[in-house]
2 protein chains.
Amino acid sequence: MPSNPRQSTGSRQAEIIATMLALAAARNPADITTTDIAKAMGVTQGALFRHFSSKEAIRLAVAEWIEAHLMARLGEARQAAPDALQGLEAMFLAHVQFIRELPGVPRFVFAELQQPGDSPVRQCVQKIMQRHRQTVAEALESAKAVQLIRLDLDCHAAAALFLGAIQGLVIQTMLGEVPAEIDERARGVLRLYLCGLGARP
Amino acid sequence: MPSNPRQSTGSRQAEIIATMLALAAARNPADITTTDIAKAMGVTQGALFRHFSSKEAIRLAVAEWIEAHLMARLGEARQAAPDALQGLEAMFLAHVQFIRELPGVPRFVFAELQQPGDSPVRQCVQKIMQRHRQTVAEALESAKAVQLIRLDLDCHAAAALFLGAIQGLVIQTMLGEVPAEIDERARGVLRLYLCGLGARP
DNA sequence: TAATTGTAAGTAACTTATTACATACAAACG
DNA sequence: CGTTTGTATGTAATAAGTTACTTACAATTA
């Protein structure tokens, strides 16, 4: 759908980010070329460089978009919950839903994760996971403070497993499962995870 | 170290596989070129094609190598354990150790996982995970049969979380943690996982 | 008018794979 | 035993295609 009239750099940047994520849903993000993005947008390849100085800059913008939107979703889910334990559940399910809506997100993150060195993109992905784990750890501590979960719980391990459970679901879904199934599987895994916390529902 | 005397195709194939995995430990496997492999081996780039018909064939050989060696390790760990529950623990720790010894393995798997379509390499990676999950599910059923774990356990979810816990550990370790730390973290996560199973140690 | 957004064409670097040719090696033979 | 001879393994060069990015120029818009 070539929305061909000229557009501002701001709106084109948003369009490039969205197109990158849309393409990443079905293909290896590392193999997405500037030509692919331009073709999907209905412009020529060179046009992209009017709005981003390099492909690296595009990837950084995508990472920052993910950080902002994912953290917002998680924050909303947590704040809407009546207590810390239900906040954890809500964050888990909100994350899964976010990924189901935008399958390109985990694929992009995994692709950047593979990159060596300390590029800004990688640092951004790193920050996303750190903030995420920090938020989970805080919720766990809150739940512990009001005895919703075991008092002898290792919160560091629990936060790691929280993230790991989701990452594992995504990986196993990427490998041939029916994408819609992830929601059902997520509930099963979440229930099991809460048992490990010693949660009293 | 150019081990330059002529070698048989068999030994060169093994060398190519090992070199690929060694390079994948530190770089994005998708970005490893035939020139990189050849340079690391001390031969010219064209020489590789005396032993493999294409780069795809190299990747397939690597995947098959991983399948054989990983499954062997897991099988040994499980059989050496006195009961099904300790078999699960042993498989978990054996997998973590395998990955710590060969960091290129998970990186290679994740890279292939991102590839679309149904290439033989992808099918092989798919088979590895299916077999792995199947083995875990069997061990869980065995443990349930002798009441080492909760009888109302959802074994499908438990097998998924078992794999996910490891995959999560790997991902979080790839993101900047100290590699040696993974063993310690693994034990914490494993203990929490076993609590979720309702295990009685 | 002047800046912005677009196009079309081009470039330099890189990648896989092939080709023509050289050399080591083992078996066969006189 | 020494020579020949066929094959497996290596090299150097290069073909053919792809990629990110640039440049010269045109058109839109403020």
According to a strict under-4.0 Å criterion, is [X] in side-chain N/O contact with OP1 or OP2 of [N]?
X	N	value
A:Arg12	C:dT4	no
A:Ser8	C:dT5	no
A:His51	C:dG6	yes

When you measure from every atom of DNA chain D, which of residues 57-64 of chain B have a heavy atom less than 4.0 Å away?
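By residue number: none to list.
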Smallest heavy-atom separation, B:Ser142 atom then B:Ala84 atom, equals CB-CB, 3.7 Å
[N] [atom2] sits how many Å from [X] [atom1], rounded?
X	N	atom1	atom2	value
A:Phe52	C:dT5	CZ	C1'	15 Å
A:Lys39	C:dG6	NZ	P	18 Å
A:Ile37	C:dG6	CD1	P	15 Å
A:Asp31	C:dT16	CG	P	12 Å

Q | Check against side-chain hydrogen bond (donor to acceptor under 3.5 Å, both in side chains), B:Gln172 and A:Arg133 | A | CA-CA 10 Å; B:Gln172 290 165 51; A:Arg133 205 161 50 189; 3.0 Å; yes
Does some side-chain heavy atom of [Y] sit less than 4.5 Å from a side-chain heavy atom of [X]?
X	Y	result
A:Leu153	B:Leu192	yes
B:His69	B:Glu64	no
A:Pro103	A:Met174	no

Please determine whether the number of non-hydrogen atoms from other residues, nucleotides or ligands lying under 6.0 Å from atom CD of A:Glu184 exceeds 12. no
*Is the NZ atom of A:Lys55 crowded by more than 12 outside heavy atoms at less than 6.0 Å?*
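Result for NZ/A:Lys55: enclosed.
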A correct 5'-to-3' footprint of nucleotides 20-30 of chain D, with B, S and - meaning base, sugar-phosphate only and no protein heavy atom under 4.0 Å, is BBB-B-BBB--
Next item on the list: I would like to know whether A:Gln115 and B:Asp31 meet side-chain hydrogen bond (donor to acceptor under 3.5 Å, both in side chains); could you show each step before the answer?
Entry: CA-CA 9 Å; A:Gln115 229 58 38; B:Asp31 292 347; 3.1 Å; yes
